[in-house]
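Numbers restart at 1 for each chain; the letters A, B, ... are given by sequence-line order, proteins then strands.
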Protein chains: 2
Amino acid sequence: MLGDATLPYPMQVATWNINSIRTRLPHVTQWLQDHVVDVLCLQETKVIDGDFPLQAFEDIGYQAHVYGQKAYNGVAMISRVPLQRVRKGFAAILAADRVGDLDAQKRVISAVIGDICIVNLYVPNGASVGSQKYDYKLRWLHCLRDYLQQLLAEYPNLNVCGDFNVALEDRDIYDASDKANHIMASAAERQALQTVLGIGLQDAFRKFTAEPGQFSWWDYRAASFRRNLGWRIDHHYLSDPLYERAISCTIDVEPRKLEKPSDHAPVIVEYPTP
Amino acid sequence: MLGDATLPYPMQVATWNINSIRTRLPHVTQWLQDHVVDVLCLQETKVIDGDFPLQAFEDIGYQAHVYGQKAYNGVAMISRVPLQRVRKGFAAILAADRVGDLDAQKRVISAVIGDICIVNLYVPNGASVGSQKYDYKLRWLHCLRDYLQQLLAEYPNLNVCGDFNVALEDRDIYDASDKANHIMASAAERQALQTVLGIGLQDAFRKFTAEPGQFSWWDYRAASFRRNLGWRIDHHYLSDPLYERAISCTIDVEPRKLEKPSDHAPVIVEYPTP
DNA sequence: GACCTAAAAG
DNA sequence: CTTTTAGGTC
């Protein structure tokens with residue numbers, strides 16, 4: 001049994017949009033048994049909290065904190081070590097009139113482990129540029145800035161991860177030439193995310209890897225994965241002290257090769273044990 | 001490659017309601033490779049003819065004759081040896097005004113192999129006693145009698161098989177005590193089927209096995225298969241010369257034990273090679 | 001309980 | 001393409 005607060009190996013935090021915990025449970029539990037991950041942040045669980053398979057995670061030595069809804073969205077944090085201060089929704093931090101309707105969809109959960117605050121996000125997809133859902137995405141990102149700014153004031157060590165549904169730079173897309181007005185790459189949403197990062201967050205992946213062609217999501221259609229037509233939209237954004245501390249950030253493409261995979265791959269950031 | 005008209009082993013004809021050929025294709029092709037079946041009659045294929053996986057059967061040395069529709073019903077005959085005189089629907093034999101609307105649902109296909117005419121049927125379920133669908137089932141069985149009478153005049157060796165959705169006797173049901181007004185066991189549908197058999201057909205299975213508790217269908221619900229709460233509703237009814245010729249008739253329950261099974265098991269009748 | 005369709009979401 | 005829903009069949 002693993003459960004010590006201090007571990008003989010580096011601490012790992014992972015994010016993975018699993019596109020239905022019901023369908024993907026075997027992949028997720030197998031992956032947790034093959035990798036020494038301390039905290040796994042899941043998006044698109046797609047179940048109400050009562051239907052989340054808590055027991056399957058307890059059986060392999062993990063506890064789960066869930067914040068879900070029927071059919072769509074839903075986030076969860078899976079942890080070997082007990083988590084502190086689990087907070088669900090923007091309204092756990094922000095005033096109700098600031099949040100408005102943005103908590104109707106379950107997309108935000110955060111918790112504290114040791115001296116690190118981990119935020120797990122499922123940013124709205126936005127459908128297409130200029131649509132109502134696009135406006136919702138921009139409003140959501142603006143609210144996220146306020147949310148993270150308050151958290152950062154409380155926790156200098158902030159690890160913000162999840163499915164951001166935004167590829168910040170052209171090198172994060174398989175072919176950016178025709179994507180200027182494409183959802184996940186348009187100027188307004190990139191700017192909205194840059195404003196979020198402006199509070200003092202940096203991309204853990206780009207600390208270690210400058211090359212293009214590194215992706216975390218491939219469309220199910222058109223054999224995109226086989227042809228590596230992907231996007232890097234799943235991220236770990238770190239506050240300065242954590243950015244300095246991070247010793248690796250990698251994308252594990254192996255689960256994307258399995259039968260009936262999620263369309264996303266997990267992204268792992270690693271810290272030394274103090 | 002097998003393909004000789006004369007075979008060094010007995011000839012086998014099987015019937016199997018596979019409840020979607022799309023979902024069950026792996027079970028069906030595996031079963032054909034594990035069993036020396038000459039003709040396999042399928043019901044509830046649930047695909048239009050253009051979507052039937054012909055190639056998968058050709059790959060294992062079988063040809064398929066299909067008569068399907070979208071979403072519901074649908075029958076097919078799978079054969080190692082080429083089939084002669086394939087006929088689809090009642091209207092291939094009966095006058096259009098006799099058939100009426102009874103060919104709108106694809107439930108009848110027949111073909112000739114050697115000196116035997118094989119008829120493959122998916123009899124309407126009938127929903128509940130007294131319903132509109134029940135009346136349709138009775139009308140359909142009356143039409144079937146005319147259809148088979150004409151075929152029998154042409155082919156003295158008639159093997160009529162399929163999912164009849166009728167358990168003729170109480171020993172064909174796990175507990176008949178409360179089934180007198182149950183669909184598949186009510187007096188009117190049993191009488192309608194008896195009238196069909198009256199043209200000169202006998203139950204191949206009962207030539208060899210008198211015991212109760214022998215079933216071919218178990219409801220997916222209430223763990224019916226595990227508890228053997230089944231019905232014998234899939235049959236081979238044979239004209240006199242074939243009834244004399246038959247050397248076995250068995251139900252293969254093994255496929256019902258697999259993952260994601262059909263709710264029906266195949267039933268096989270065997271004839272000596274002349 | 002396991003199939004089917006259809007639409008919505010990604 | 002894959003997932004979800006709801007309504008229908010058996």
- Message: Would the distance check show the side chain of A:Lys88 and the main-chain N or O of A:Ser110 forming a donor-acceptor pair, the cut-off being under 3.5 Å?
- Response: no
- Please state how far atom CZ in B:Arg227 lies from atom C1' in C:dG1, giving the value in whole angstrom units. 13 Å
- Message: Parallel, tilted or perpendicular: which one describes the rings of B:His35 and B:Trp31, with boundaries at 30° and 60°?
- Response: parallel
- Under 4.0 Å between a side-chain N/O of A:Arg221 and OP1 or OP2 of C:dG10, yes or no? no
- Item | Centroid-centroid under 6.0 Å between A:Phe164 and A:Tyr122 rings | no
- Is there a side-chain polar atom (N or O) of B:Arg24 under 4.0 Å from OP1 or OP2 of C:dA2? no
- Proximal nucleotide (of D:dC10, C:dT5, C:dA9) relative to the B:Arg107 side chain: D:dC10
- State whether B:Lys46 places a side-chain N or O below 4.0 Å from either non-bridging phosphate oxygen (OP1 or OP2) of D:dC10. no
- Query: Can you check the B:Asn19 CG to C:dG1 C1' distance for me, whole Å?
  - Reply: 10 Å
- Task: Indicate whether OP1 or OP2 belonging to C:dC4 is found under 4.0 Å from a side-chain N or O atom of B:Thr23.
- Result: yes
- Message: Looking at C:dT5, I'd like to know if its phosphate oxygens (OP1 or OP2) sit under 4.0 Å from a side-chain N or O belonging to B:Arg22.
- Response: yes
- Message: On the nucleotide C:dC4, are OP1 or OP2 found under 4.0 Å from the side-chain N or O atoms that B:Ser20 carries?
- Response: yes
- So which one's nearest nucleotide on DNA chain D is more toward 5', B:Asn125 or A:Lys70? A:Lys70
- Item | Result of checking A:Asn19, A:Ile18, A:Ile251, A:Asp163 against A:His264 for side chain to side chain contact (heavy atoms under 4.5 Å, CB included) | A:Asp163
- Task: Considering just the side-chain nitrogens and oxygens of B:Lys260, establish if one lies under 4.0 Å of OP1 or OP2 belonging to C:dG1.
- Result: no
- Item | Rounded distance in Å - CG (A:Asp263) to C1' (C:dG10) | 7 Å
- Query: Is NZ or CZ of A:Lys46 both nearer than 6.0 Å to the six-membered ring centre of A:Phe52 and within 45° of the ring axis?
  - Reply: no
- Task: Write down the distance between CD (A:Glu259) and P (D:dC1), rounded to a whole number of angstrom.
- Result: 15 Å
- Item | Atom pair distance, as rounded to whole Å: CD1 in A:Ile18 and P in D:dT2 | 16 Å
- Here the distance between atom C1' of D:dC10 and atom CD1 of B:Ile183, to the nearest Å, is 11 Å
- Task: Please state how far atom OH in A:Tyr122 lies from atom C1' in D:dT4, giving the value in whole angstrom units.
- Result: 12 Å
- Task: Rounded off to whole Å, could you give me the CG-to-P distance for the A:Asp219 and C:dA9 pair?
- Result: 17 Å
